[in-house]
Amino acid sequence: MIREREVVLQVRTAYHKITSQFNDEPECFQSNYSEIEDLVYVGLKRPSWINSFTLCRVEQYYVVIKFDDYLSVNDKARFV
């Protein structure tokens, strides 16, 4: 299923999906996610998580958040 807008995080040349549907993920995969705690800083409206394990290919309708430009210092430290 393709949602209206996918949001991804660009770290150098890699892209990671961002989801607000963390609780829908199987428990065995939840350890692969990093929570974005500074939502207002990034401009997100709902609690969201970065899938730090799986890389994705970016489609033209994706919204790309650049790691260095948008994440707070605290969120960067948790992700790396």
Side-chain angles (χ1 to χ4, degrees):
M1 177 177 112
I2 296 176
R3 283 180 247 158
E4 193 171 311
R5 281 188 348 169
E6 293 278 351
V7 180
V8 295
L9 175 70
Q10 180 182 2
V11 182
R12 295 184 193 92
T13 58
Y15 296 89
H16 302 272
K17 284 193 177 183
I18 295 177
T19 184
S20 61
Q21 306 295 318
F22 178 74
N23 293 327
D24 294 343
E25 295 294 328
E27 194 171 307
C28 61
F29 293 126
Q30 288 184 355
S31 65
N32 297 329
Y33 287 80
S34 298
E35 184 175 8
I36 299 174
E37 293 184 356
D38 299 327
L39 298 173
V40 176
Y41 187 90
V42 179
L44 298 172
K45 295 179 181 175
R46 296 187 292 182
S48 299
W49 289 262
I50 302 165
N51 182 338
S52 58
F53 186 72
T54 307
L55 300 178
C56 66
R57 190 179 87 198
V58 174
E59 303 293 339
Q60 65 182 8
Y61 56 86
Y62 282 14
V63 174
V64 176
I65 294 176
K66 295 192 178 186
F67 181 77
D68 290 326
D69 296 341
Y70 288 97
L71 289 185
S72 70
V73 173
N74 294 331
D75 285 329
K76 286 179 190 177
R78 276 191 304 283
F79 182 71
V80 177

Original post:
Linking I/L/V/M/F/W/Y whenever any side-chain heavy atoms sit under 4.5 Å apart, do I50 and L39 land together?
Top reply: yes
Original post:
Judged by atom type as modelled, is there a donor-acceptor pair below 3.5 Å linking the side chain of H16 to the main-chain atoms of N51?
Top reply: yes
Subject >> Spacing of N23 atom CG and W49 atom CH2 [to the nearest 0.5 Å] >> reply: 6.0 Å
Original post:
Can you check whether I18's main-chain N or O pairs, donor with acceptor, with S48's side chain at less than 3.5 Å?
Top reply: no
Original post:
Is the count of non-hydrogen atoms from other residues, nucleotides or ligands lying under 6.0 Å from F22 atom CZ greater than 12?
Top reply: yes
Original post:
Which atoms form the tightest heavy-atom contact between E25 and Q30, and what is the distance?
Top reply: O-NE2, 3.2 Å
Subject >> Nearest-0.5 Å distance, OG1 of residue T19 to OH of residue Y33 >> reply: 6.0 Å
**OP:** May I ask you to list the residues sharing a hydrophobic cluster with F29, side-chain cutoff 4.5 Å, ordered by chain and number?
**Re:** none
